Protein chains: 2
Amino acid sequence: MVKAATIKDIAQHCGVSVATVSRVVNNKGVVRAETVKKVESAVLTLGYRPSMAARALKSASNRTLGVIIPSLMNPVFAETASGVQQRARARGYTPLILSSDYDDELELSAVENLQAYQVDGILLTVNDVLSSAALKQLDQAGLPYCLMHNVPRHRVAGYIGVDNFRAAAEVASRILAYGHTCIGMVSGEFVRTDRARERHAGFIAGLKYAGVELAHLVQVDPVNATGLQQALTNIYGQSGAHPTAWFCSNDLLALATIARLELLDKPVPEQISIVGFDGIQAGALREPALTSIRTPNIDIGSAAVDLLLAQLDDTPADLGRKLGYQWVEGGTLATNSYTSHNLSNESKYDV
Amino acid sequence: MVKAATIKDIAQHCGVSVATVSRVVNNKGVVRAETVKKVESAVLTLGYRPSMAARALKSASNRTLGVIIPSLMNPVFAETASGVQQRARARGYTPLILSSDYDDELELSAVENLQAYQVDGILLTVNDVLSSAALKQLDQAGLPYCLMHNVPRHRVAGYIGVDNFRAAAEVASRILAYGHTCIGMVSGEFVRTDRARERHAGFIAGLKYAGVELAHLVQVDPVNATGLQQALTNIYGQSGAHPTAWFCSNDLLALATIARLELLDKPVPEQISIVGFDGIQAGALREPALTSIRTPNIDIGSAAVDLLLAQLDDTPADLGRKLGYQWVEGGTLATNSYTSHNLSNESKYDV
DNA sequence: TTACATAATGTAATCGTATACATTGAGATT
DNA sequence: AATCTCAATGTATACGATTACATTATGTAA
């Protein structure tokens, strides 16, 4: 391990003091043009990089942002993190990315970790805004942060996300427009994320507006969809309400649901309609494409960076912003075959 | 921004010196059990976390590992990073994750960034082992690192990955076993990654072993598959070799290829067979499931952590290891319909 | 000429931690 | 009683940068 060049090495090499080198490197204070040139060339030849550790220790800022997402393996958050990284980079910041694996304790420890690294601020998606110990910790420490995807009802902090409630309500009305009357929902466990709750509430509300009740709610582990197969088998195996359409609270669940339904000999969309939420690539690549709501994940990441940095600069900024979502017209939402069958029968009598 | 408690605060609060606190916190040296208890409770009540910055500055190690992957949005690397994080966590290290976005310059700057953070070592996937400026920088600095997914022919450093050449050769023999004779390959651009090169070389070799030549090679931008549609349209539009099977150098490309072929009215696997490489979830969720090679991405990440830490501890360890891959029996590789058609015709005459 | 503003650079303290070395005290050995 | 061990703890320095303040040089006004 060769020792890296320090500011002292540069100073010595140029015959100036460390203060002057620092001034040149940080472009602060007055330095003779000639000296600047001398120092800059020394920096280049010696391959000097200021130690972030030392910088963080001494000064308030080390131009580093922490990022915490629930999972690296969910494309939604991967895209968000990617958006963060791109924007942070463009604005001269380095993002440190950690994942909480949907675990409240890891969420907290991620925050504490990032604090230990003296980051300037944190961009994060928490499992649940209301109960997050991580947020409490951040508030207490007074460390600036911006939520991503979480859209708190009672705003407690900066946030960037889509209005999950409203989007889910729109999904409801779209599904209804296709003539479905018996509708179910597959959701990640409510205890785990506020997004799941919001989407559920919005969907219920959208249905209720048309006087329809949710026929079934299946809650599964969002990571590997444990129990989904069993639940669907039960529902379609026994007498009772047999949904002709399902709203899944994210696209991965939607794809899993479609696969399980095929196994039950319920082809999508011929017999059952499915609508997802996220608009991930995997949904778009299949045939027919998954009908879904696309959230602007990359934009959420970059907008969150801007919001946080504005906060750091004391620039008067939005306190939070809801970004638009987009209806993805795929092929997995179709006219209710059962209803249309009935209708054609009825019309026979009517004519 | 409330100031965090420092080691001094703890020392004062307990009426001991900072040295004692440090000893307790780092579990080093001898301290009276009673004192340990006192300090530990103070740490808890004051919410003390040692500053990584200071620690990095003073001591050689801050128990931090850098991670550089080509893309957060490719599930392969997301899984790998996830594996790294889990294992690092378990071993008391914090991973700092950066993505290079498949860009050589960003790759280098990511390394330099991590150096500035004084990480203990780096786990990374580079675009191309042979030409990587990032690796040159690491070697020069003498910073320990371990490659992930890159399997250098002439070993220059520790690595964990699968034998891409061999795996691709196996794919060739499998495709051939299904009676295909006109076979193409869709690959990420060779200039960009050594994995693409290895898979190509292995596939060619596998075909050649059976006396078959590769009929078409389509190289596309691995991020958004630009030009794929055009290339396929050309190939199937004009006279000449019409492949009945394609090997795609990764699953995302495979899914994209399938979608494009459907548009050309070439259903998979009825008319065309497709084999991918990676074994990502999106491939498994579709119907029929994508036939592919599954690489143990999470294991690659965690094994790489172990290898690097062994290196750091000067434990005599493997210098590199090839992990096993797995053939994923999906539904997108089928018997060559053209051949079987011919065969049935021929058998008519034969009988 | 003297005084003074200003530009350019240097000096030294500081951030929070780790650690080599010094110190203290108590029990064991002579 | 004097000496020695060893456990337990304290003191003080260093890590690499930033920055307030000090210093020097130089040109300008009185």
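The sequence lines fix the lettering, A, B, ..., with proteins before strands; numbering per chain opens at 1. What's counted below: heavy atoms across the whole structure, side chains too, no hydrogens, waters or symmetry copies. Computed from a predicted model, the values in this text were never measured in an experiment.
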Student: Which letter, B, S or -, goes with each nucleotide of nucleotides 16-28 of chain D from 5' to 3', with contact meaning a protein heavy atom under 4.0 Å?
Tutor: BBBB---------
Student: Between the axis at one end of the helix from dT1(C)-dA30(D) to dT30(C)-dA1(D) and the axis at the other (five pairs apiece), what's the angle to 10 degrees?
Tutor: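 For the helix from dT1(C)-dA30(D) to dT30(C)-dA1(D), the axes at opposite ends meet at about 70°.
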Student: Is N150(B) reaching over with its side chain to a backbone N or O of V126(B), donor-acceptor style, under 3.5 angstrom?
Tutor: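 Checked: pair present.
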Student: Assess whether a salt bridge exists between R197(A) and D128(A), defined as any Lys/Arg side-chain N lying under 4.0 Å from an Asp/Glu carboxylate O.
Tutor: yes
Student: When the distance from CG of D9(A) to P of dC15(D) is rounded to whole Å, what number comes out?
Tutor: 11 Å
Student: Begin with the C-alpha distance, continue with both residues' side-chain angles, and end with the deciding distance and a verdict on side chain to side chain contact (heavy atoms under 4.5 Å, CB included) for D104(B) and N127(B).
Tutor: CA-CA 7 Å; D104(B) 287 339; N127(B) 293 328; 2.9 Å; yes
Student: How many whole angstroms separate atom NZ of K38(A) from atom P of dA8(C)?
Tutor: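 Whole-Å distance recorded here is 14 Å.
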Student: Reckon V30(A) touches a base, only the sugar-phosphate, or nothing at all at heavy-atom distances under 4.0 Å?
Tutor: base
Student: Under a 3.5 Å cutoff, is there a donor and acceptor pairing between the side chains of R89(A) and N113(B)?
Tutor: no
Student: With a 4.0 Å cut-off on N to O distance, would you call R321(A) and D306(A) a salt bridge?
Tutor: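 No.
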Student: Go through dT9(D), dA8(C), dT11(C) for me and flag the one nearest to the S17(A) side chain.
Tutor: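 Looking only at heavy atoms from C-beta outward on S17(A), the closest nucleotide is dT11(C).
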Student: What is the distance, rounded to the nearest whole Å, between atom CZ of R32(B) and atom P of dC6(D)?
Tutor: 20 Å
Student: When you look at T80(B) and N297(B), which way does the side chain to side chain contact (heavy atoms under 4.5 Å, CB included) test go after all the steps?
Tutor: CA-CA 5 Å; T80(B) 306; N297(B) 303 319; 3.7 Å; yes
Student: Let's go through Y117(A) and T94(B) carefully: what are the C-alpha distance in whole Å and the side-chain angles of both, what is the deciding distance for side chain to side chain contact (heavy atoms under 4.5 Å, CB included) to 0.1 Å, and is it a yes or a no?
Tutor: CA-CA 10 Å; Y117(A) 284 96; T94(B) 302; 3.7 Å; yes
Student: Check whether D9(B) reaches the backbone of T6(B) with its side chain - one donor and one acceptor, N or O, closer than 3.5 Å.
Tutor: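 Yes, because the side chain of D9(B) sits within donor-acceptor range (under 3.5 Å) of the backbone of T6(B).
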